[in-house]
Each structure stands twice: as C-alpha cells, then as structure tokens.
Amino acid sequence: MMEDLYAEFLLGLHGFNSEERYEALLNETFLNDPNNSFLLEPEACSHDFRSTKGCFMRYWGDSCAGINADTFGKRLFAGLESVYNANTFSIADFGKHCALLWHDIPSELAQTELFWTLCYADDALSWGDEAQTRTLYEKAFSFYND
C-alpha cells in the first residue's frame with residue numbers, strides 16, 4: 001500500500017493528477033492502519049508536498065529497501081498512461097513532466113530500464129521524431145498490462 005501512496009504522491013506532485021487524489025488515498029490508508037507510525041508524518045504535513053517528499057525519501061532512501069517495484073510501477077505507469085491517453089499535455093510537456101518525476105524516484109529504482117524510460121523517452125522530440133517518443137512511452141505503459 002505504501003507503494004501506491006508514493007506513486008499517487010508523485011503523480012500529484014508533478015501535475016499528472018490532483019493533490020486531492022493523493023490526500024484521499026493517504027486518509028484512507030491512515031484510517032485502515034492508524035497505528036502505522038510512518039503514516040503519521042505524511043498525514044500531518046499533507047498540505048506541504050515538499051515535506052511529504054522528504055517523508056518518503058526518508059522511508060525508502062536511495063536503497064529502495066522494502067519497496068515493491070512492481071506495485072509501485074504498476075500504479076505509477078497506470079496513472080501516467082491515463083494522462084497520456086487523455087491528451088492532458090502536449091507530448092513535449094508530458095515528457096518534461098515525466099523527466100522531472102523520474103528525478104523523484106528512488107535512485108536505485110530509477111536506474112532500471114522501465115523507470116529510466118521516463119528520463120529519456122522525449123529525447124527523440126529534439127530531432128522531430130514524435131513517433132519514437134510515443135512508442136517508448138506506450139511500450140513502458142504496456143509492461144504491466146501484459
């Protein structure tokens with residue numbers, strides 16, 4: 001459940017969905033597990049995304065110890081795919097938001113191929129190859145759908 005919470009936090013932080021969506025999941029998670037000492041901190045600072053980001057970084061750090069990459073990735077990429085398919089952003093803006101999001105993924109996880117895609121998929125736009133960029137994103141989205 002913490003992986004889902006972090007994925008929703010990142011999606012909200014980077015403008016892929018509303019902060020309210022993250023806060024609703026946080027409140028639900030907290031109500032289901034009120035004795036979870038970690039949840040007290042993000043619950044107390046949910047109005048301040050910078051502090052909340054620090055909570056998650058301290059929870060997992062760079063080692064990703066205990067993070068379930070599949071659970072996190074499935075939630076994150078499903079959220080990204082939804083925004084991508086809704087054409088909420090131009091492909092260039094989508095790429096910029098993805099690259100910024102990538103910087104907030106714990107580094108050990110960010111360096112894996114699937115997550116690394118968020119950093120480089122929009123590179124092809126610089127030489128006008130939108131099709132290549134779309135192919136890379138769509139391949140990443142399909143990873144958890146297969």
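Here the straight-line distance linking atom CD of Glu81 with atom OH of Tyr144 works out to 13.0 Å at 0.5 Å rounding. Remark: Glu8 CD to Glu20 CD distance equals 12.5 Å, nearest 0.5 Å. Here the CZ atom belonging to Arg134 is positioned 11.5 Å from the CG atom belonging to Asp129, to the nearest 0.5 angstrom. Separation of atoms CG (Asp70) and CZ (Arg75) is listed at 15.0 Å; rounding is to 0.5 Å. Once rounded to the nearest 0.5 Å, the distance linking SG of Cys119 with CD1 of Ile105 reads 10.0 Å.
When side chains are defined from C-beta on, Val83 does not count as touching Leu11, because their heavy atoms never get closer than 4.5 Å. Under the 4.5 Å side-chain criterion, counting only non-hydrogen atoms from C-beta, Asp93 is not in contact with Thr88.
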**Derivation and outcome, side chain to side chain contact (heavy atoms under 4.5 Å, CB included), residues Leu25 and Phe9** = CA-CA 9 Å; Leu25 182 60; Phe9 167 74; over 6 Å; no
**Prompt:** Between Asp123 and Leu136, does a side chain to side chain contact (heavy atoms under 4.5 Å, CB included) hold up when you go through it step by step?
**Reply:** CA-CA 10 Å; Asp123 287 354; Leu136 290 168; over 6 Å; no
**Message:** Evaluate Leu10 against Tyr6 for side chain to side chain contact (heavy atoms under 4.5 Å, CB included), listing each step before the verdict.
**Reply:** CA-CA 6 Å; Leu10 289 178; Tyr6 190 51; 3.6 Å; yes
**Message:** Please determine whether side chain to side chain contact (heavy atoms under 4.5 Å, CB included) holds for the pair Leu80 and Cys98, giving the CA-CA distance in whole Å, both sets of side-chain angles, and the decisive distance to 0.1 Å.
**Reply:** CA-CA 8 Å; Leu80 291 172; Cys98 283; 4.2 Å; yes
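Side chain of Thr71 to main chain of Glu3: no donor-acceptor pair is present (N/O by atom type, distance under 3.5 Å, no hydrogens or angles). Remark: the backbone N or O of Leu125 is not paired with any side-chain donor or acceptor of Asp122 at under 3.5 angstrom. Of the possible polar contacts, none joining the Ser82 side chain to the Ala78 backbone as a donor-acceptor pair under 3.5 Å is found. Checked by atom type and distance alone, the side chain of Asn27 pairs as donor or acceptor with a backbone atom of Glu23 at under 3.5 Å.
Residues Ala140 and Thr117 come closest through the heavy atom pair CB-CG2, 4.1 Å. The two atoms that bring Tyr22 and Pro42 nearest to each other are OH-CB, 3.8 Å, heavy atoms only. Summarising the geometry of Glu19 relative to Gly12, their closest heavy-atom pair is CG-O, 4.3 Å, with the distance given to 0.1 Å. Trp102 and Ala110 make their closest contact through NE1-O, 2.9 Å (heavy atoms, listed as atom of the first residue, atom of the second, distance). Between Leu39 and Leu26, the closest heavy-atom pair is CD2-CD1, 4.2 Å. Taking every heavy atom of both residues into account, Leu109 and Ala69 meet most closely at CD1-CB, 3.5 Å.
Note on Leu100: it does not cluster hydrophobically with Leu118, by side-chain heavy-atom contacts below 4.5 Å among ILVMFWY residues.
Classification of the Tyr137-Phe141 ring pair by plane angle, with boundaries at 30° and 60°, yields parallel. Using bins of under 30°, 30° to 60° and over 60° for the plane-to-plane angle, the ring pair Phe115/Phe77 lands in the tilted bin. Relative ring orientation between Phe94 and Phe89 is described as tilted, the plane-to-plane angle lying within the 30° to 60° band.
With sequence neighbours left out, Glu138 forms a side chain to side chain donor-acceptor pair (under 3.5 Å) with Tyr84.
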